[in-house]
Amino acid sequence: MPRIHTTLALAILGLSAALPLVAHTQSVASGHRDILLQADHSWNGVAYEPYPATRPELTMIRLTIPAHTALPWHTHPMPNAGYVLEGQLTIHDRDSGRTETFHQGEAFAESVNDTHRGETGDTRTVVLLTYAGTPGTPTSVPAKGEKPEY
């Protein structure tokens, strides 16, 4: 009889030792995606040009702009996308006069080589910007006589 109790006790201990391993096992599953932006042209309708044949470099920045502020006029030499985390951003195209406003939770495709600037409303604006460039290429170029965008 004691041998049965010892065997049973060892079996219970063995199972209880294995339980934490079972409890932490992860399942394999696909994630859910929401496409926020997929574009072959910028917000102002200009088509993107083919990439240069060099190594790519991705840059992501978080840009905070105070309320009632217009950024300096500038261009971007590469495609980039923005996502408004907070506030709103009105983008002005200098040559065409076109404007478009993007609100919190909206994504937009930035223009390439078109002089433009962003302007905030009554609250500060926070934008996440992702640039698809090449090493050594600046993400933003000030228009002649303007301060840098950031």
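Residue numbers run from 1 in the order of the sequence given.
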> Checking side chain to side chain contact (heavy atoms under 4.5 Å, CB included) for the pair T130/M60: CA distance, chi angles, key distance, verdict?
Replying inline: CA-CA 4 Å; T130 302; M60 182 180 283; 3.2 Å; yes
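- Once rounded to the nearest 0.5 Å, the distance linking OG1 of T123 with CD of E86 reads 7.0 Å.
- Here T101 contributes atom OG1 and Q88 contributes atom CD; the two are 6.0 Å apart, rounded to the nearest 0.5 Å.
- Proximity of I35 to R33: side-chain heavy atoms (C-beta onward) are separated by under 4.5 Å at one or more points.
- Across P138 and P77, no two heavy atoms sit closer than the pair O-CG, 3.1 Å.
- The two atoms that bring A109 and Y48 nearest to each other are CB-OH, 3.3 Å, heavy atoms only.
- Residue L71 shares its hydrophobic cluster (ILVMFWY side chains chained together at separations under 4.5 Å) with W43, I61, L63, I65, M78, V84, L89, I91, F102, F108, V127, L129, Y131, Y150.
- Using modelled atom types, one finds no donor on one side chain facing an acceptor on the other under 3.5 Å when comparing T120 with T125.
- With rounding to the nearest 0.5 Å, the separation of NE2 in H76 from CG in D114 is 10.0 Å.
- The two residues D93 and W73 make their nearest non-hydrogen contact at C-CZ3, 4.3 Å.
- Between E57 and R55 no salt bridge is recorded (no basic side-chain N to carboxylate O distance below 4.0 Å).
- You'll find the side chain of T99 reaches within 4.5 Å of the side chain of H92, heavy atoms only.
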> Between D122 and H68, is a side chain to side chain contact (heavy atoms under 4.5 Å, CB included) present by the stated rule, with each step listed?
Replying inline: CA-CA 6 Å; D122 293 334; H68 305 288; 2.8 Å; yes
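- Of all the heavy atoms in A132 and L58, the pair that sits closest is CA-CD2, 3.9 Å.
- Checked by atom type, the side-chain pair E146/H74 shows no donor-acceptor distance below 3.5 Å.
- Under the 3.5 Å distance criterion, with hydrogens and angles disregarded, a donor-acceptor pair is assigned to the side chains of S111 and H116.
- The distance from atom CG of N44 to atom CD of E110, rounded to the nearest 0.5 Å, is 9.5 Å.
- Once rounded to the nearest 0.5 Å, the distance linking OG of S42 with CG of N113 reads 10.5 Å.
- Across all their heavy atoms, P72 and R117 have their closest contact at O-CB, 3.6 Å.
- The structure places CD of E100 at 9.5 Å from OG1 of T90, a figure rounded to the nearest 0.5 Å.
- When all heavy atoms of T64 and R124 are compared, the pair lying nearest together is CG2-NH1, 3.8 Å.
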